[in-house]
Amino acid sequence: GRVCTMALAAFSRGLRLSARRALPALSPACSLAFHEARFLSSKRSGDNDDTNKKVTEAVAADTPGDSSAVVKYAEPEEIDTALGFLAIPTISRPLFPGIAYPVHITDPTLVEAMLKAADTNPFVGVFLASGEGARGEGGTMQDGELLKDTEGIHHIGCLASIARVMPLGPGQGVHALLYGKRRVQIESIVEHDPALRVKVKLLKDRGAPSMSDDKEDIADDKGAGGSELGGPAPFRRRRARRALEESNNVRKAYTLEIVSTIKDIVKLNPLFKEQMQMFLDRVDMNNPSSLADMGAAVTTVDGEALQEVLEELDVEARLRKTLELLKKELELSRVQSKISKQAEEKLSNDQRNYILRQQLKQIKKELGMEKDDKEMLLAKFEERLADKAVPEEARKVIDEEKLKLQSLENTSAEFNTTRNYLDWLTILPWGIYKEENFDLARAKEVLNEEHYGMEDIKERIQEFIAVGSLCGSTQGKILCFVGPPGVGKTSIGKSIAKALNREFYRFSVGGLHDVAEIKGHRRTYVGAMPGKLIQCLKATATANPVVMIDEIDKLGRGFAGDPSSALLEVLDPSQNSTFVDHYLDTPVDLSRILFLCTANMLDTIPGPLLDRMEVVRLSGYVTDEKMAIMQKYLYPNARQEMGIAEDQMELADSAALKLIRWYCREAGVRNLQKHTEKICRKVALKVVTGEPTPLRIDDGNLEDYVGKPQWHTDRIYGDDTPPGVVMGLAWTSMGGSVLYIETVENGVPAKRGRAGEGDECDGG
């Protein structure tokens with residue numbers, strides 16, 4: 001046995017020497033981890049302070065002259081009688097007994113104090129910063145910062161031994177590994193300068209009575225003359241034993257639940273596996289106080305919650321708080337595991353789908369069933385051009401761009417530009433014309449179906465159809481409808497397209513100030529696209545649509561050019577057969593398009609542009625025409641839009657005539673439409689509120705729906721006008737008005753004399 005003991009000691013000493021020789025080659029972090037693990041391994045062998053002190057002295061004896069690190073594991077002789085300990089602050093979390101804590105110290109004063117303490121009294125007080133104390137003069141306080149007072153730290157902390165101090169170099173401070181020993185509380189400040197040193201008091205755990213207390217009670221009973229077999233002594237022992245058993249059972253239950261919770265955390269969060277395994281190997285399950293400290297230390301909660309555990313001296317209460325923190329950690333791990341699982345499943349599915357698609361694509365390519373992206377694009381472009389009569393110049397440009405596309409990489413910016421350019425070139429309706437209608441009777445029926453009056457426009461469209469019927473085909477024309485607002489200039493465009501059996505496209509140029517809207521952008525610009533005319537051909541998919549250019553008299557002019565000048569090429573029958581858009585840069589035939597322009601007046605239209613258009617004037621509607629439009633179109637449409645049945649409302653002709661004469665005298669019918677809708681809305685309200693139907697609106701109750709008349713009679717005199725009064729007519733925006741022109745006698749003409757002597761003019 002003695003030989004075995006000597007051999008084991010020699011083997012242990014050899015291991016220490018080997019590890020010490022390997023230490024200089026390790027990184028600072030590895031050295032700290034090695035010494036921490038060596039200290040913890042010695043700690044697991046037992047908590048005997050004398051044994052630890054002997055081991056420390058043996059290690060110190062083995063390392064003479066090692067100035068790079070100072071290793072101390074000894075316990076203080078008497079904490080209460082010590083002269084004071086250096087105070088070190090922590091920011092994120094407190095230090096617990098039995099836990100190692102690395103800290104980086106950069107302050108020269110604190111570094112010097114730390115090295116001095118490591119040589120003389122290798123213990124420091126570690127305290128968590130509280131509230132505003134975590135804010136230093138230059139910002140956030142750092143771990144291991146120099147303290148001057150105790151205002152910014154919690155007064156209950158941990159007395160830690162300096163396990164290792166490793167200098168990092170001139171001006172870089174030191175790395176210190178601290179190991180928690182005892183709970184302590186600050187009693188007073190020993191000194192402020194050069195570093196804060198405090199006097200501490202040891203805090204002991206509180207718990208249920210132990211068996212040692214039971215033995216003391218027995219001894220006291222014997223000294224008082226009691227007996228072990230009878231009297232009060234057995235009752236006290238049984239009571240103490242029951243209390244101890246109950247306390248031990250509670251502690252054991254907490255211990256088992258803490259260990260079970262930690263195992264569940266390890267299953268859910270693999271990142272904690274190594275840390276928790278070290279915890280399970282290190283902790284003595286028969287020591288509830290140490291178990292509570294270690295369990296709280298491995299959680300990721302904030303420092304204030306951990307400080308509450310550190311300040312709790314009752315063991316059962318500390319176990320309960322630790323269990324609560326571990327349960328929160330378990331719930332957090334469950335949520336984290338769920339999120340991680342969802343992300344992994346999505347990533348796995350995406351990767352699986354991507355791999356399968358690539359494999360399927362490769363298989364189809366090998367079998368000749370599918371081509372790559374470039375080949376698919378080129379095949380699509382060729383398919384678009386199969387049934388189109390592409391002009392020779394456009395075909396040449398398309399072929400050149402296709403060759404260019406084949407030589408470009410799919411990821412290059414030029415590839416996307418070329419692909420978009422080819423997409424526009426191949427999607428245009430080259431040589432595709434929709435079959436036109438040359439049936440005059442059908443065209444007349446369509447025009448009369450939706451519009452009343454407008455005989456000039458209807459006659460002009462019939463002439464257009466008649467010419468096409470004789471020639472077998474039609475050419476594009478440029479018509480300009482000029483008239484006051486609300487007479488139906490824009491709405492008749494759709495009827496004309498329907499009568500001709502053509503596609504309809506409308507865009508407004510009111511306020512337009514950019515030439516690129518008409519002629520397109522250059523391809524060199526980011527986001528370039530063709531102008532409105534090319535977009536029209538793509539949208540209608542025919543080369544002979546009806547295009548309405550609305551509000552042509554309201555064209556603007558800005559720094560980007562004059563759009564009215566750009567329209568000269570578009571609206572010129574001799575030039576629009578070779579219209580060149582800036583984006584396409586290829587001639588496009590617009591000669592088969594029927595252009596319809598609308599304007600309220602001709603004064604603001606430039607002369608060269610007006611010269612290219614055929615003007616068709618639309619006069620305002622008279623009372624009879626408005627009456628017919630209201631009965632045939634406006635009133636039925638308004639009643640249907642408001643959801644009123646035909647048997648719920650009746651609008652008398654007298655009310656309609658009064659509405660036209662005294663409320664809506666404009667040339668158009670837009671204001672008349674608004675008043676008709678207003679009447680229908682009020683009728684809808686009365687129907688919903690339960691008034692009896694049908695509701696009749698006549699000239700007697702019309703004012704209840706639309707208010708007082710806006711116009712009054714212009715007749716001042718009766719049938720005969722007095723002498724000196726004649727009738728006249730005036731043109732207004734409303735269509736016109738009757739005027740009375742009166743002559744007034746202005747006295748007898750004065751005699752002409754010298755200048756300034758009562759000259760008067762004749763009145764008339």
(Q) Would you compute the distance between atom CD of Glu187 and atom NZ of Lys201 and round it to the nearest 0.5 angstrom? (A) 5.5 Å

Q: List the atom of Val200, the atom of Val184, and the distance in Å for their closest heavy-atom pair.
A: CB-CB, 3.8 Å

**Q.** Partners passing salt bridge (Lys or Arg N to Asp or Glu O under 4.0 Å) against Glu191 (at least two apart in sequence or in another chain)
**A.** Arg197

Q) Taking Thr418 for the side chain and Glu414 for the main chain, is one N or O donor matched with an acceptor at less than 3.5 Å? A) yes

Q: Using atom types as modelled and distance alone, determine if a side-chain donor or acceptor of Tyr254 lies under 3.5 Å from a backbone N or O of Glu316.
A: no

Q.
For a 4.5 angstrom cut-off between non-hydrogen side-chain atoms, does Phe415 reach Glu409?
A. no

Q: Check step by step if side chain to side chain donor-acceptor pair (under 3.5 Å) holds for Glu329 and Thr300.
A: CA-CA 7 Å; Glu329 194 73 29; Thr300 58; 2.8 Å; yes

**Q.** SB check Glu304 Arg93 (cutoff 4.0 Å)
**A.** no

Q: Measure across Ile162 and Ala117 and return the closest heavy-atom pair with its distance rounded to 0.1 Å.
A: CD1-CB, 4.1 Å

Q: Given side chain to side chain contact (heavy atoms under 4.5 Å, CB included), test Leu330 with Leu326 step by step and report yes or no.
A: CA-CA 6 Å; Leu330 176 60; Leu326 288 172; over 6 Å; no

Q | Side-chain touch Thr106/Val111, heavy atoms, less than 4.5 angstrom | A | no

Q: Mind telling me whether His104 and His175 have parallel, tilted or perpendicular rings, with 30° and 60° as the class edges?
A: tilted

Q: To the nearest 0.5 Å, tell me how far Met294 CE sits from Thr299 OG1.
A: 12.0 Å

**Q.** Gln342 atom CD, over 12 foreign heavy atoms within 6.0 Å
**A.** yes

Q | Distance, nearest 0.5 Å, that separates NE2 of His154 from OG1 of Thr90 | A | 9.0 Å

Q: Please test Phe96 against Leu306 for side chain to side chain contact (heavy atoms under 4.5 Å, CB included), starting from the C-alpha separation and ending with a verdict.
A: CA-CA 9 Å; Phe96 284 89; Leu306 295 177; 4.1 Å; yes

Q) For the atom pair CG (Leu291) and OG1 (Thr255), what is the distance rounded to the nearest 0.5 Å? A) 5.0 Å

Q | Beyond-backbone contact of Leu378 with Leu405, side-chain heavy atoms, under 4.5 angstrom | A | yes

Q. Does the side chain of Arg183 reach to within under 4.5 Å of the side chain of Pro97, using non-hydrogen atoms?
A. yes

Q: Please step through side chain to side chain contact (heavy atoms under 4.5 Å, CB included) for the pair Val103 and Leu178, ending with a clear verdict.
A: CA-CA 8 Å; Val103 61; Leu178 308 179; 4.0 Å; yes

Q | Contacts of type side chain to side chain donor-acceptor pair (under 3.5 Å), residue Arg318, not counting sequence neighbours | A | Asp205, Ser289

Q.
Is the shortest side-chain heavy-atom distance between Val198 and Val190 below 4.5 Å?
A. no

Q: Look at the side chain of Asp423 and the backbone N and O of Arg419, then say whether any donor-acceptor pair between them is shorter than 3.5 Å.
A: no

Q: Starting from the C-alpha separation in whole Å, work towards a yes-or-no answer on side chain to side chain contact (heavy atoms under 4.5 Å, CB included) for Thr261 and Lys327.
A: CA-CA 7 Å; Thr261 304; Lys327 289 296 183 181; 3.4 Å; yes

Q: Mark yes when over 12 heavy atoms from residues, nucleotides or ligands other than Glu112 sit less than 6.0 Å from its CD; otherwise mark no.
A: no

(Q) I need the Met166 CE to Arg164 CZ distance, nearest 0.5 Å. (A) 6.0 Å

Q) How close do Ala296 and Thr322 get, heavy atom to heavy atom, and via which atoms? A) N-CG2, 3.4 Å

Q) What pairs meet the salt bridge (Lys or Arg N to Asp or Glu O under 4.0 Å) rule with one or both residues in residues 330-340, with sequence neighbours excluded? A) Glu331-Arg334

(Q) Determine whether a donor-acceptor pair (N or O, by modelled atom type, separation under 3.5 Å) exists between the side chain of Ser337 and the backbone of Ser333. (A) no

Q) salt bridge (Lys or Arg N to Asp or Glu O under 4.0 Å) with Glu312: which residues, sequence neighbours excluded? A) Lys321

Q. Who are the side chain to side chain contact (heavy atoms under 4.5 Å, CB included) partners of Thr417, not counting sequence neighbours?
A. none

Q.
Measuring only between side-chain heavy atoms, which start at C-beta, is Arg357 closer than 4.5 Å to Arg352?
A. no

Q: Search all heavy atoms of Gly157 against all heavy atoms of Leu310 and return the closest pair with its distance.
A: CA-CD2, 3.9 Å

**Q.** Arg182 CZ to Ser161 OG distance, which is reported to the nearest 0.5 Å
**A.** 10.0 Å

Q) Which atom names give the shortest non-hydrogen contact between Pro167 and Val165, and what distance separates them? A) CD-O, 3.7 Å

Q. For the residue pair Leu177 and Pro102, what are the closest heavy atoms and their distance?
A. CD1-N, 4.0 Å

Q. Below 4.5 Å, heavy atoms only, C-beta onward: do Leu196 and Leu86 meet side chain to side chain?
A. no

Q) Phe123 versus Leu159: any side-chain heavy-atom pair under 4.5 Å? A) yes

Q: Report the residues that fulfil side chain to side chain contact (heavy atoms under 4.5 Å, CB included) with Ile339, sequence neighbours left out, ordered by chain and then residue number.
A: Val335

